[in-house]
Each structure stands twice: as C-alpha cells, then as structure tokens.
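Here the structure is laid out as structure tokens; the discussion comes afterwards.
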Amino acid sequence: MVPKPPEGHKWKEVKHDQEGTWLAMWQENINGAYKYVMLAANSDIKGQSDYKKFEKARELKKYIATIRKDYNKELKSEVMAERQRATAVYLIDQFALRAGNEKGEDEADTVGCCSLKFEHVTLRPPDTVVFDFLGKDSIRFHEEFKVDSQVFKNLKIFKRSPKKEGDEIFDRLTTSSLNKHLSNYMNGLTAKVFRTYNASWVMSSLLKEMKSEGTIPEKVKDYNNANRKVAILCNHKRTVAGGHAAQMEKMGDRIKALYYQEYRIKQMMLDLDPKLKKKKGEAYFALKEGIDDEWVKGHQDAMVEEQREKIRKKFEKDNEKLVAEGQKEMKPKELDERLKAADELADKFKDERKRKKIEAEGKSPSIDKFEQQLEKLDTRIATMKTQSEDREQNKDVALGTSKINYIDPRLTVVFSKKFNVPIERFFSKTLREKFEWAIKSVDENWEF
DNA sequence: GGACAGACTTGTACGTATATAG
DNA sequence: CTATATACGTACAAGTCTGTCC
C-alpha cells in the first residue's frame, strides 16, 4: 500500500521497482543533490549488499596475482594511456588510494589516484615518492613510500615538462576507463574493491600470525593493534582532541606518582632492613628517571592540598546531614581541628625531606608486605603504561571506519571465537545487528 | 568518450549515554 | 558517589560507480 504523503504534500511519483533499495527520494534544493530514504544498516537488504561487497573482495583473491603481473608488465607499455593505467592500479593496489573521480568547480578541491596533480607527488631519487594531497573530506594524505623503480620512472615521465602545477599526472586516464579495464578481469571489479580487499587481507594475515594471550583487555588490544594497521593503510585519520596533550601529561604524572609510591615503599624497606641496599643494589632504591626533588616537592604539596580539600568536603557534607536531621551544624573550629591531619602530613613530608629518610609505616610493617604492595603497583604501572601508549598511538587514527566498512566482519568473528573473547567487545549492539549475517555464518576456522 | 543523472557506500564530527577511576 | 573519559549512535556530506544520452 502507498503511504499517505505528509499533510499538504503529494508524492511526485510512486515506483514499484524491485531492484532499487530506496523507499523515497527527492532532490535537495541547494545544489540539486539526490536524497534517499533507505532501510537501516541492520536490515536484510543492507546486510545482503554488505555480504556481497565482501564476497566480491574475496573473489579478487583469485585474480590478484594475474592483475599484479599484468600491471607490472604494462608499467613499460609503449602506449602512454596503458602505462598510466598500470601505474595508477599499482598505486591503488599498493597504497590503498581511492579512485579519484573528476570533481566540479563548486566542489572541494580534493583528489584521489586518477585526479592527482603535479604538485601532489614529489619524487626523491632513487625510488622514493612523497604524496601530499587532500583526499576525501579534505583529510590530508601525506606519506612517503619506496616504489618500484619503473613506477618511479613513470611518475617522472608523467610530470615531465611542459606539465606544471595544476596539471593532472594521469592525463590519459579516467576512473571509468580504469574501472572498465578492471572489470575485464572480474565481474564487478572496480578501484574501490582493492581497498576492501587489501584492508581485509591485511587483517586476515595479521590475525593468522597472531597468538593472543592473557586477559580479555589484552586480547582486545591485540585486535585493536591489527585494526589500527588497517586504519593507517586506509588513511583513516581524525583530528587530535583538544585536550590530548594535557591528558597525556596527566597520565604521565599518574605513572610518576605510582613510581614515587614504589620509591617510598622501597625506602621503608630500607628502614626495616638497611642491609637490603647491598643485596638489591643502589639502583633499586633510586628515584626513577624524570622524577627529581622538585617534582617530589610539588607532588607532596598536591597530595597535602588534596587531603585538605577532601576534609573540607567531608565537613560540609557532614554538616548538611546534621542540618537535615534537625541538629546544629559543627563550628568552624571543628574544621580546623580536622584539617590538622593535613598539616601533619605536610610536616611529615617536610621532615622526610630534611632527614632524607622515610620511616616504615602501616600496622606491623614487614618486608614481605612491602614486596606484595610493590607487586601490585608494578601491575598498575604496567596497565597504565600500555593505556597511555595506546592513547598516544590512537590520537590521530580512527579505527571505526575500517572496522565498519573495510574489514570483513567475519574476520572479527573468527578472532572472537578463536581467542574466546565475547563478540560484544568488538561490535556494539547496532554493529551486531548490522553484522548479524557474519556473526551467525562462520566458525573459528573460516578464512577470508 | 564526456557530461549528467541517479543510486549506493564511506567517513567524520557531534551530542549524549555509559563506564570507569578516584 | 561523582567527575571525567570513553563509547555509542546518528546525521549528513562527500565519495564511488553505473547507466544513458549525445
């Protein structure tokens, strides 16, 4: 049944097209772009086309060797158009460039492989090529690659005078001619299939050689590391968050604080048993690199201040409670009394600094207990460090796009089953719906 | 073979929900 | 328990690619 149009409107046309996947469409009034109402990603229709997309990429496996052999040969073709085509396919295959359609005057000045211009490619003998251009969404692609010597020669030829800035490198090539050529190898093969193929291929090779062990977060991190390699291949970048540097510093500070805690414990051990210094060696008891007296002083001041703040807050809260219960609140004098604990801490630190000695504390302290505390701190430091490294590595790489669009979801399912990590760790609720076809279709032995 | 119409995928930022550390 | 970090879902613009017409 045809649904009623919104009040005061009528359908321009009602179609019953079994091929199309859209429900309604209209032309946007600003630049005439077509807008579509389509089913959501979790629908059967979308799932099927997603499945087909990855199956197409898998099919490329059968032809890739021939294609590579051919373009390597055609890099030397006498026909310039063929030589350009071979070079372009090389770049698309090796470096995961997008096809690069021609764009209109009014659109952003971004490029892909076929639309690369003179100034986007710099040649550095003997065989290094520097790409620097704005790709889709004006994301910068800035990479340096070593290339096949014939590719280097070709690019040099394609840039030869009278070509100058603003001119296209592949002036005898369009995306349609390139895709037409590719479709000779395999039905439906186009430039974008290479991105899917290479992304999934890289992921599958990484997962094959991987031996993920340890806790679930550690295994997830292994997966993410592979995911990140794919994202880098596809140049999926993101803008570094505003507070990134500050956050890194904060984490670094926290790690330092943990190291300092260890230092204190070790000093306390010395307090209990001075002979340990000989046994464990001087270095064991030293302050970690990057931590000096000045830092320690600042850290201690902060700790004291923190405690003061805590006491004040607690005081206020207690008072609120008293009032709520209909009782009188405590006098400011009580707060001063409570704050003495912080003063004592400050005095203790001051004394320590003067005497350069840290006394063992806690009830019935023993070397054994301290050793245990140290062990706990060690693991905390280790997790913090990996977390901080992870964050730094991810600051400008977006993992989502490759996971959602390029990595065959069945690979993720295989990882999940092989290493016994719940799929929920990799796919959110919506993604599990989107990839239902993948989740229910494979076991741990499936191969891309 | 080039221009344009049309259909479908990809990609990031953003606001909000949720998890986590302190 | 609360502040903050992170994850999630979504919007919608920007791509790719096919088909048709000249």
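First the proteins, then the strands, lettered A, B, ... as listed; each starts at 1.
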#### Entry: Contact state string [nucleotides 15-22 of chain B, B base, S sugar-phosphate only, - no protein heavy atom under 4.0 Å]
-------S

#### Entry: Intermediate values then yes/no, ring pair (Phe, Tyr, Trp, His ring centres under 6.0 Å), A/Y185 and A/Y63
CA-CA 7 Å; A/Y185 287 97; A/Y63 305 96; 7.8 Å; no

### Message
It should be established whether A/K46 places a side-chain nitrogen or oxygen under 4.0 Å from OP1 or OP2 of nucleotide B/dT9.
### Response
yes

### Query
Which is true for A/L431 with a 4.0 Å heavy-atom rule: it touches a base, it touches only sugar-phosphate, or it touches nothing?
nothing

### Query
Just checking A/G100: base, sugar-phosphate only, or nothing, at a heavy-atom cut-off of under 4.0 Å?
sugar-phosphate

#### Entry: Nearest-angstrom distance from the residue atom NZ of A/K103 to P of C/dA14
8 Å

### Query
Would you say A/T190 reaches C/dT16's phosphate, i.e. side-chain N/O to OP1/OP2 under 4.0 Å?
no

### Summary
In whole angstroms, the gap separating P of B/dG11 from CG of A/N235 amounts to 10 Å

### Nucleotide C/dC12, atom P - distance to CG of A/N31 in whole Å
14 Å

### Query
Below 4.0 angstrom from OP1 or OP2 of B/dG11, is there any side-chain N or O of A/Y406?
yes

### Query
Hey, are A/D167 and A/K164 close enough for a salt bridge, meaning a charged N less than 4.0 Å from a carboxylate O?
yes

### Query
Is any side-chain N or O of A/T110 closer than 4.0 Å to OP1 or OP2 of C/dG15?
yes

### Side chains of A/K434 and A/I404 in contact at under 4.5 Å (non-hydrogen atoms)
yes

### Task
Look at A/N101 and C/dG15 and indicate whether a side-chain polar atom (N or O) is within less than 4.0 Å of OP1 or OP2.
no

### Message
Regarding A/A33, tell me which of base, sugar-phosphate or nothing describes its non-hydrogen contacts under 4.0 Å with the strands shown.
### Response
nothing

#### Entry: Distance-only donor-acceptor test (3.5 Å): side chain A/K53, base B/dT9
no

#### Entry: Salt bridge present between A/K61 and A/E447 (N-O < 4.0 angstrom)
no

### Query
Are any of A/K192's side-chain N or O atoms less than 4.0 Å away from OP1 or OP2 of C/dG15?
no

### Message
Taking only side-chain N and O atoms of A/K250, does any of them lie within less than 4.0 angstrom of OP1 or OP2 on C/dA5?
### Response
yes

### Between P of C/dC12 and CH2 of A/W22, the distance in whole Å
20 Å

### Query
Within less than 4.0 Å of OP1 or OP2 of C/dC17, is there a side-chain N or O belonging to A/N179?
yes

### Query
Should A/L287 and A/V296 count as side-chain neighbours, where that means a heavy-atom distance under 4.5 Å?
yes

### Task
Could you check A/D17 against A/K136 and say which one's nearest nucleotide on DNA chain B is further toward the 5' end?
A/D17

### Task
Please work out which of the three classes, parallel, tilted or perpendicular, describes the rings of A/F145 and A/F141, given edges at 30° and 60°.
tilted

### Query
Under 4.0 angstrom, heavy atoms only, what part of the nucleic acid is A/G400 near: base, sugar-phosphate, or nothing?
nothing

### Query
Does atom CG of A/N187 have more than 12 heavy-atom neighbours from other groups under 6.0 Å away?
no

### Message
Considering every strand and a 4.0 Å limit on heavy-atom distances, what is the contact class for A/R172: base, sugar-phosphate, or nothing?
### Response
nothing

### Query
Heavy atoms under 4.0 Å, any strand shown: does A/T175 hit a base, just sugar-phosphate, or nothing?
nothing

### Query
Got a sec, which residues hit salt bridge (Lys or Arg N to Asp or Glu O under 4.0 Å) with A/D301, two or more places apart in sequence or on another chain?
A/K297

### Task
Looking at every strand, decide which applies to A/S49 at a 4.0 Å heavy-atom threshold: base, sugar-phosphate, or nothing.
sugar-phosphate

### Task
For A/K429 and for A/A99, locate the closest nucleotide of DNA chain C by heavy-atom distance; then report the residue assigned to the nucleotide nearer the 5' terminus.
A/K429

### Message
When you measure from the side-chain N and O atoms of A/R98 to the phosphate of B/dG11, is any distance below 4.0 Å, counting only OP1 and OP2?
### Response
yes

### Message
Given 3.5 Å as the limit, does a donor-acceptor pair link the side chain of A/R238 with the main chain of A/N394, or not?
### Response
yes

### Query
For B/dG11, does either OP1 or OP2 sit under 4.0 Å from a side-chain N or O belonging to A/R195?
yes

### Message
Using whole Å, what does the distance between atom C1' of nucleotide C/dG15 and atom CG of A/D106 come to?
### Response
15 Å

### Message
Mind checking if A/T401 touches a base, just sugar-phosphate, or nothing, with heavy atoms under 4.0 Å?
### Response
base

### Message
Does a side-chain N or O of A/T21 approach OP1 or OP2 of B/dC8 to a distance below 4.0 Å, or not?
### Response
yes

### Message
Check this one for me: any side-chain N or O of A/T430 less than 4.0 Å away from OP1 or OP2 of C/dC8?
### Response
no

### Task
In whole angstrom, give the distance that lies between atom CD1 of A/I407 and atom P of B/dG11.
12 Å

### Length of the CD-P vector between A/E424 and C/dA7, whole Å
16 Å

### Task
Look at A/R58 together with A/E55 and state whether they make a salt bridge at an N to O cut-off of under 4.0 Å.
yes

### Query
Given atom CG of A/D171 and atom C1' of B/dG2, what is their separation to the nearest angstrom?
16 Å

